[in-house]
A.B. asks: 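This is the structure I have questions about; it appears just below.
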2 protein chains.
Amino acid sequence: MADKKSTEMGLEDLFLDTVKDIYYAERQILKTLPKMAKAAQSPELKAGFEKHLQETEGQIERLEQVFEMLGKPARGKTCDAILGIIEEGKSIMDEFKGSIALDAGLVSSAQAVEHYEMARYGTLKAWAEQLGMSEAAALFDATLQEEIATDQALSQIGVTAVNQKAA
Amino acid sequence: MADKKSTEMGLEDLFLDTVKDIYYAERQILKTLPKMAKAAQSPELKAGFEKHLQETEGQIERLEQVFEMLGKPARGKTCDAILGIIEEGKSIMDEFKGSIALDAGLVSSAQAVEHYEMARYGTLKAWAEQLGMSEAAALFDATLQEEIATDQALSQIGVTAVNQKAA
């Protein structure tokens, strides 16, 4: 969108920008989840990451449907936010490798990722409604509900399996 | 904590690491909020950012109380996640400068910040409980409730004032 002046930009442009942002983010998450599943010590957490990997594939497909609705190619845009969140997760994996607190750190990192996604999909759903794109809004809502459920499941794993061990 | 092997690290270390992380993040947010308030077009959004600036000062004081409880100096640790989230917000401010969608972009960026904080304070509250630090848990919970309320207020501003204009 470098061909438009900033004063000419509208909500449609911001919407497309943000779809590209989360599309990039989801593909980064898809690459990172297998590493987190591999690192996880508790079978419950490992299974949680594997389940979310499959969900992420479906979430990417939903985004591709939205690109199609917009008549635009499915193309990501570098998302500094997710890169920073993932970078921080990697530091924790290094710093706590072999530690009894590793799983607690993995849960924490994963919840930061989930919250980023919840923020973006919540925003996109609201904008899709404003733009009269009710089908897109429904797709974003489906993903948003999955992210909320994943976040809650992680909290549960964090409290029951991980933290007690680490404490 | 470079003096400990990763296998010797426990939940206390992860807890302190994360307190340092969010302390750094809050101070970055404190520097960024005045810029967002200045950029905001709607008086409602401007006021929202100014209110959250004051809250952020109180949240930093709470973190300093936690450092005191831990007997550690209040010191941040570079938080790549918040740097990435803020960087993305700056790009939106540039790209949509003078545009009718600018406020929608500011709301979206601010909600990404809020969600990062919600993730971190939720985690810290759970860990404080696990570690038997009930006073710290109460401080984290107080901040968490403020972040949730700010996020909801932003959603409201986004829907009523901002998006309709931008659409």
Side-chain angles (χ1 to χ4, degrees), chain A residues 1 5-15 17-18 21 79-89 91-92 94-102 104-105 107-108 111-120 122-124 126-127 129-132 151 155 158-159 162-167, chain B residues 1 5-15 17-18 21 79-89 91-92 94-102 104-105 107-108 111-120 122-124 126-127 129-132 151 155 158-159 162-167:
Chain A
M1 278 172 286
K5 282 188 205 164
S6 69
T7 50
E8 290 165 1
M9 303 280 261
L11 186 59
E12 302 79 3
D13 302 300
L14 185 58
F15 179 78
D17 246 29
T18 305
D21 172 277
C79 166
D80 292 318
I82 203 71
L83 292 177
I85 293 167
I86 290 174
E87 190 52 43
E88 224 168 271
S91 304
I92 289 178
D94 283 345
E95 204 178 341
F96 290 85
K97 201 176 172 181
S99 142
I100 50 167
L102 177 64
V107 167
S108 161
Q111 287 191 298
V113 170
E114 288 315 304
H115 270 277
Y116 182 71
E117 295 186 88
M118 276 153 40
R120 288 292 179 243
T123 294
L124 284 170
W127 289 345
E129 284 164 357
Q130 292 287 333
L131 293 168
D151 181 59
S155 288
V159 170
V162 178
N163 297 345
Q164 283 171 5
K165 180 184 169 196
Chain B
M1 279 172 287
K5 280 189 206 164
S6 69
T7 49
E8 290 165 3
M9 303 280 263
L11 187 59
E12 303 78 4
D13 303 297
L14 185 58
F15 180 77
D17 246 29
T18 306
D21 172 278
C79 166
D80 291 318
I82 203 71
L83 293 177
I85 293 168
I86 290 174
E87 190 53 44
E88 223 168 273
S91 304
I92 289 178
D94 284 344
E95 204 178 340
F96 289 85
K97 200 176 172 182
S99 141
I100 50 168
L102 176 64
V107 167
S108 161
Q111 287 191 300
V113 171
E114 288 315 304
H115 270 277
Y116 182 72
E117 295 186 87
M118 278 153 41
R120 288 293 180 242
T123 294
L124 284 169
W127 288 346
E129 283 163 359
Q130 292 287 333
L131 292 167
D151 181 58
S155 288
V159 170
V162 179
N163 296 346
Q164 284 170 4
K165 182 184 168 196

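Order of the sequence lines fixes the chain letters, A, B, ..., with proteins taken first and strands second; residue numbering starts at 1 for each chain.
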A.B. asks: Is B:Ile92 close to chain A through its backbone or its side chain, or both, or neither, when contacts mean heavy atoms under 4.5 Å?
C.D. replies: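 For B:Ile92, the side chain is the part near chain A, not the backbone.
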A.B. asks: If you compare all heavy atoms of B:Ser99 against all heavy atoms of A:Ser6, which two are closest, and at what distance to 0.1 Å?
C.D. replies: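 Heavy atoms of B:Ser99 and A:Ser6 come nearest at CB-O, 3.0 Å.
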A.B. asks: Mind ranking B:Glu87, B:Gln111, B:Met118, B:Arg120 by heavy-atom pairs under 4.5 Å with chain A and telling me who comes out on top?
C.D. replies: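 Highest number of heavy-atom pairs under 4.5 Å: B:Arg120.
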A.B. asks: Calculate, to the nearest 0.5 Å, the distance between atoms CD1 and SG belonging to B:Ile85 and B:Cys79 respectively.
C.D. replies: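 That separation rounds to 7.0 Å.
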A.B. asks: Given the options A:His115, A:Glu129, A:Glu114, which has more heavy-atom pairs under 4.5 Å with chain B than any of the others?
C.D. replies: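 Option with the top pair count is A:His115.
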A.B. asks: So which residue, A:Asp21, A:Leu124, A:Leu83, ends up with the most heavy-atom pairs under 4.5 Å with chain B?
C.D. replies: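 Between A:Asp21, A:Leu124, A:Leu83, the count favours A:Asp21.
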A.B. asks: Determine yes or no for a side-chain-to-main-chain donor-acceptor pair under 3.5 angstrom, with B:Ser108 supplying the side chain and B:Ala104 the backbone.
C.D. replies: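 No, the answer is negative, given that no donor and acceptor are paired below the 3.5 Å cut-off.
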A.B. asks: Mind listing the closest non-hydrogen atom pair of B:Ala112 and A:Ala119 along with its distance?
C.D. replies: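 In this case the closest contact between B:Ala112 and A:Ala119 is CA-CB, 3.9 Å.
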